[in-house]
Amino acid sequence: MKTELESLLAAALARLAEAGSLPPTDRSAIVVERTRDARHGDFASNVALRLAKGAGRAPRELAAEIIAALPASPLVARTEIAGAGFINFHLNANANLEELWRALEAGAKYGRSTELGAGRKVILEFVSANPTGPVHVGTGRQAAFGATLGNLLEATGYAVHREYYINDAGRQMDILTASAWLRYLETCGETLEFPSNGYRGEYVRVLGAALHTAHQEAFRRPAGEVFAGLPPDEPAGGDKDKYVDAIIERMRALLGAADYQRVLDFALAAMLADIRNDLADFGVVFDRWYSERSLATSGAIDHALDVLRGQGRLYEKDGATWFRATEFGDDEDRVVVRANGEKTYFASDIAYHLEKRERGFELLVDVLGADHHGYVARVRGGLVAMGQPADSLEAILIQFVSLWRGEVKIPMGKRDAQFVTLCQLREEVGTDACRFFYLMRSHDQPLDFDLELAKSRSNENPVYYIQYAHARVSSVMKQLVAKGFRYDEAVARANLGLLTDEHEQAALTALVRYPEVLRQAAANRTPHTVVHYLRDLANTFHTWYNAAQFIVDDPQLRNARLALALGVQQVVRNGLDVLGVSAPETM
RNA sequence: GCGGCCGUAGCUCAGUUGGAUAGAGCACCUGGCUUCGAACCAGGGGGUCGGGAGUUCGAAUCUCUCCGGCCGCGCCA
């Protein structure tokens, strides 16, 4: 409806431009908004105010001219000039009723549109957590956000591809491999001191035990050989990084490259399986899991470096190869090939993003933790240096999550064992509350996740408020049957005009706003606006429910009311579906 | 130091391309179940939108500045 009104205004302005009383207007200058106050009608536009200055005209006078030039529309009952020069639109009573019927007919598809995305190919990268441990609560927020954003983009006409980038190359993987191997040695019966910089989580013990089950004693070496002659660990006054690197080196020497790789692959596969399962249980799935290592073997990194070199963006210094990042807005130039010949993570990453473009994706959306913000300019600079448009990359930064149990903050650390995993969180509060709480706040706002509130099955918990509206309609429909009635669609269709009560009108207005909300949430990348909308819709429904009886004796009124209730239920279900939250029939 | 995010009711937060009288939940107070589910509803009190300046018909929103909080600035990933 909103876009239709914008089209009407565009037509009116075109007429005025043709008549020479106004310069031609850009379509984007035409904005129609829902009114905050019902006395101002259903929609309002400020075009006259915006254009008045440029046209050298009084806003109200211009507004009158625009109104006079508006084409007739079955949507609009009347228009008026208000305030400084707003144009208010009052819709025909049946405009919302027709929309309600469209909602009922469209069912699960209601709210979807195609104009915004227009079929554009977008690749959505999210989570991409290091496969060195289970998914934790901070990453959980990124998972919920990314999955929902994917749904939103899909619902508004984008062709969405979801991808998880696996950081399976580099030192963190080596540390995991060594950690798993040491736990494996313990399973074998060796006694050892675990390095302070190793991964100390319980899951690594499980990993070590699994390695033993799969390969028995094949990788066993005496603890004495493993630790002989190593530098001191941190507690002994040494450097924990040097120490763990020495262990990795020793492990390679004792096992040989092939067996080392077997242990690494075993650990990687096990971690990825965990992550994949945790996310799938959370309703988060990917079209592809993309290996960082594969970028090296496929030649993608060399290709990207060749492109940069061809553009003259690389140079040699101190034995390393550098990218002229400062020419693209970065603070300093960045190394892409280290003095020891290894490519950096940055080299992999720009290669990965170039490869995304070369796969034909117009828009690259990266959902990242807030700590990655310094990284965005660098990757974008790399893309631009390789001849890609700067706006082809869009990074969305997700602020951190802190867990609370009522007033008490739960400490979280990465490397120590006490971080809370997504899996544990889900077991404690349930998937629905989990996704809802992750999404209810703006992503650029740090999130305080209160476990007690999320768990509480009380009126303090906003999840149930929305689900309750859905369940209530189901309950009404059961009551209907129990009372010997049945819903008659034809009777409802013929009598929607009876829905004139203020509560019915409020519910109707809230319902038909849904397609606009989806478009706005998708365009702004703000899933939380859907949460707030659903709360509002549920509120209008609960108010109506308390004020009126649906199952009345008059079949015309009864069926009309049921149609509206079913429409609300449908939109609640569709909205919850976008959020990845279930819509239960009973609570 | 440079950069990113943020500061709105007692608390947690909405309010995005500048719009009409700044909203919601929680908490607090009052009222509503013999009725389709009270996990609900109705009503009430509560504000220097961090401070200041600017831009204009109009600023919580844009610009500058100051104060305060979180985070990032590797030949780590």
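Labels below follow one simple rule: chain letters A, B, ... track the order of the sequence lines, proteins then strands, and each chain is numbered from 1.
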*Mutual orientation of the aromatic rings belonging to A/Y352 and A/Y165 [parallel < 30°, tilted 30-60°, perpendicular > 60°]*: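 If you compare the ring of A/Y352 with that of A/Y165, the planes turn out parallel.
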*In whole Å, what separates the P atom of B/C71 from that of B/G25?*
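These two P atoms come out 32 Å apart once rounded.
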*Starting from C1' on B/C41, measure out to CG on A/N539 and report it in whole angstrom.*
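Rounded to the whole Å, the gap is 9 Å.
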*Is A/H532 stacked on the base of B/A14 when the test is centres under 5.5 angstrom and planes under 30 degrees?*
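Check failed, A/H532 does not stack on base of B/A14.
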_Any A/Q172 side-chain N or O less than 4.0 Å from OP1/OP2 of B/C76_ =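 So the side chain of A/Q172 is outside the cut-off, no N or O lying under 4.0 Å from OP1 or OP2 of B/C76.
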*Does A/Y465 stack onto the base of B/A39, taking stacking as ring centres under 5.5 Å apart and planes under 30° apart?*
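Whether judged by distance or by angle, A/Y465 falls short somewhere, so it does not stack on the base of B/A39.
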_For the student: nearest non-hydrogen atoms of A/N461 and A/A454, plus distance_ =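 Heavy-atom minimum between the residues: ND2-O, 2.9 Å.
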*So does A/D371 reach the base of B/G72 with its side chain, donor to acceptor, closer than 3.5 Å?*
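There is none.
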*asked:* Please confirm whether the shortest side-chain N or O distance from A/R338 to OP1 or OP2 of B/C76 is below 4.0 Å.
replied: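 So the side chain of A/R338 is within the cut-off, an N or O lying under 4.0 Å from OP1 or OP2 of B/C76.
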_B/A59 to B/A53 separation - C1' atoms, rounded to the nearest Å_ =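 Comparing C1' positions in B/A59 and B/A53 gives a spacing of 13 Å.
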*asked:* Once hydrogens and angles are ignored, does a donor-acceptor distance under 3.5 Å link the base of B/A20 to the side chain of A/N88?
replied: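 By the distance-only test, yes, there is a pair.
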*A/H542 vs A/Y465 aromatic rings, parallel, tilted or perpendicular, using cut-offs 30° and 60°?*
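It falls in the perpendicular class, over 60°.
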*asked:* Any strand counts, and the cut-off is 3.5 Å on both contacts for Watson-Crick or G-U wobble. Which nucleotide pairs with B/C26?
replied: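 By the stated definition (distances under 3.5 Å), B/G10 pairs with B/C26.
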*Measure distances between side-chain N and O atoms of A/H373 and base N and O atoms of B/G3, and say whether any donor-acceptor pair falls under 3.5 Å.*
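When only heavy-atom distances are counted, A/H373 does reach the base of B/G3 through a donor-acceptor pair under 3.5 Å.
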*Might you point out which heavy atoms bring A/L511 and A/G567 nearest each other, and give the distance in Å?*
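Taking every non-hydrogen atom into account, CD1-C, 3.3 Å.
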*Once you round it to whole Å, what is the distance between P of B/A39 and NZ of A/K455?*
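Distance check: A/K455 NZ to B/A39 P gives 21 Å.
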*Between B/U17 and A/Q520, is there an OP1 or OP2 to side-chain N/O distance shorter than 4.0 Å?*
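For B/U17, neither OP1 nor OP2 has a side-chain N or O of A/Q520 closer than 4.0 Å.
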*Counting just side-chain N and O atoms, does A/T529 come under 4.0 Å of either OP1 or OP2 of B/A14?*
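A/T529 to B/A14 OP1/OP2: no side-chain N or O under 4.0 Å.
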*Is there a Watson-Crick or G-U wobble partner for B/G54 with both distances under 3.5 Å, and which nucleotide is it?*
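Across all strands, the one nucleotide that pairs with B/G54 is B/C62.
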*Which of these nucleotides, B/G19, B/C71, B/A20, is closest to any side-chain atom of A/H40?*
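Minimum distance to the A/H40 side chain belongs to B/A20.
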